[in-house]
Amino acid sequence: MVTGCHFIVFQTDYRGKEMASERFMRLPPEKQRVIYEAAIDEFINTPFEKVSINKIIQKAGISRGSFYTYFEDKRELLSFVMENTKEQWRNFCLDYLKKSGGDFWSMMESMLDAGLEFCRANDMVRLHQNLMMYQEFKVIVPPIEAEAMKLIRSQLYSQVNISRFREESMEFFTLVLEQAVLMVFHSIVSFYANPEREEKIKEDYKKKMNILRYGACKPVKQNQMEEMGVR
């Protein structure tokens with residue numbers, strides 16, 4: 001089950017820092033998850049400058065001293081939350097591809113379902129709004145960057161059945177992936193704005209994905225025949 005959704009990337013001036021200490025990474029996964037959930041709840045419900053480390057450690061059941069052996073400050077904790085969320089999405093994609101025999105299009109349909117399910121339980125839009133209000137952060141929706149390209153090359157691309165793609169190169173697959181992810185993102189934003197239109201949003205998403213999959217135009221020969229008046 002995907003427990004996170006992260007399509008918007010937040011950049012700060014803390015690029016050179018580690019997101020969590022080695023001591024934190026040695027914690028049992030369940031303990032890491034408790035801290036992650038306490039942190040994301042606080043970031044969602046509180047403007048960034050007012051985020052309380054005391055509230056986070058109380059929810060997570062850890063001491064203040066322990067917190068500072070795991071993270072330098074709340075910015076480093078936020079970096080961990082965002083990266084952890086992306087990691088969960090990567091694992092979701094890889095697991096689904098393995099189970100489905102590399103069915104990329106089925107994976108994308110399931111990705112929207114998982115994203116909407118998460119939206120019902122969490123308010124990531126409010127998290128984004130909280131960060132955008134804080135001058136230190138800027139929001140971008142970038143093309144797939146070098147780091148993500150390495151992941152695509154080493155993991156995702158190798159798991160996808162691309163035998164029916166028009167081109168089988170990784171570059172072509174990356175372009176398709178970018179467009180598909182943007183469609184998921186747009187659908188999730190639409191859901192936040194109008195949750196009562198969920199079924200219509202899903203229906204429109206499937207239509208858009210079919211256009212991406214099969215193209216908007218008729219086959220070239222059929223178009224040429226119609227232009228010549230041949231039926």
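Given the structure is predicted, the values throughout are model-derived calculations rather than measurements.
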Test of understanding: with salt bridge (charged side-chain N to carboxylate O under 4.0 Å, His left out), list the residues that count as partners of E167, not counting sequence neighbours.
none

Quick one: do F24 and F80 satisfy ring-ring contact (aromatic ring centres under 6.0 Å, His included)? Show the steps, please.
CA-CA 11 Å; F24 175 83; F80 162 73; 4.9 Å; yes

Of all heavy-atom pairs linking A60 and V34, the shortest is O-CG1, 3.6 Å

Y96 vs S106, side-chain hydrogen bond (donor to acceptor under 3.5 Å, both in side chains): CA-CA, chis, key distance, verdict:
CA-CA 9 Å; Y96 193 95; S106 177; 2.5 Å; yes

Could you see if M108 belongs to whatever hydrophobic cluster contains F172? Use Ile, Leu, Val, Met, Phe, Trp, Tyr and a side-chain cutoff under 4.5 Å.
yes

Does one hydrophobic cluster hold both Y68 and Y36, with members joined at side-chain heavy-atom distances below 4.5 Å?
yes

Option from K200, K207, K202 for which side-chain hydrogen bond (donor to acceptor under 3.5 Å, both in side chains) with D204 holds:
K200

Nearest heavy atoms of M25 and A20, plus distance in Å
SD-CB, 4.1 Å

For S190, the side chain to side chain donor-acceptor pair (under 3.5 Å) test, sequence neighbours excluded, returns none

Does the side chain of C93 reach to within under 4.5 Å of the side chain of L156, using non-hydrogen atoms?
yes

Residue list, ring pair (Phe, Tyr, Trp, His ring centres under 6.0 Å) with F191, at least two apart or on another chain:
none

Atom CE in M111, atom CG in D113: separation rounded to 0.5 Å?
11.0 Å

Go through W105 and N210 one step at a time and tell me if the side chain to side chain contact (heavy atoms under 4.5 Å, CB included) criterion holds.
CA-CA 9 Å; W105 304 104; N210 280 335; over 6 Å; no

Check this for me: E196, atom CD, are more than 12 non-hydrogen atoms of other residues, nucleotides or ligands nearer than 6.0 Å?
yes

Looking only at heavy atoms, the pair that brings Q32 and L27 closest together is NE2-O, 3.1 Å

Report the distance from atom CE of M107 to atom CG of L94, rounding to the nearest 0.5 Å.
9.0 Å

So how far is it from M82 CE to F43 CZ, rounded to the nearest 0.5 Å?
9.5 Å

Do the charged groups of E87 and R90 touch, with an N to O distance under 4.0 Å?
yes

For residues V181 and M170: do they belong to one hydrophobic cluster (side chain heavy atoms under 4.5 Å, members Ile, Leu, Val, Met, Phe, Trp, Tyr)?
yes

Is there side-chain contact between E42 and K74, with at least one heavy-atom pair below 4.5 Å?
no

Would you kindly confirm whether Y157 and F165 end up in one hydrophobic cluster when ILVMFWY residues are joined by side chain heavy atoms under 4.5 Å apart?
yes

Can you tell whether the side chains of K99 and D95 come within less than 4.0 Å, N to carboxylate O?
no

Would you say the side chain of E109 lies within less than 4.5 Å of the side chain of M209, judging by non-hydrogen atoms?
no

Looking only at heavy atoms, which two atoms of S100 and D103 are closest? And how far apart?
OG-N, 3.2 Å

Supply the atom-to-atom distance Y192 OH to S187 OG, rounded to the nearest 0.5 angstrom.
13.5 Å

Beyond-backbone contact of V184 with Y205, side-chain heavy atoms, under 4.5 angstrom:
yes

Here the gap from N54 atom CG to K59 atom NZ, rounded to the nearest 0.5 Å, amounts to 11.5 Å

Measure the CE-CD1 distance between M183 and I188 for me, rounded to the nearest 0.5 Å.
14.0 Å

Could you check, using the six-membered ring where one of them is a Trp, whether F104 and F173 have ring centers closer than 6.0 angstrom?
yes

Return yes if a side-chain donor-acceptor contact under 3.5 Å exists between S63 and S66, otherwise no.
yes

Can a donor-acceptor pair be found, under 3.5 Å and without considering hydrogens, that links the side chain of D73 to the backbone of E76?
yes

Should L177 and L212 be counted in the same cluster of Ile, Leu, Val, Met, Phe, Trp and Tyr side chains packed under 4.5 Å apart?
yes

Has the side chain of D41 got a donor or acceptor atom that lies under 3.5 Å from a matching backbone atom of E37?
no

What one should report as the nearest heavy-atom pair of I56 and A38 is O-CB, 3.7 Å

Under a 4.5 Å cut-off applied to non-hydrogen side-chain atoms, are R33 and E30 in contact?
yes

Mind checking whether I35 and F67 have side chains closer than 4.5 Å, heavy atoms only?
no

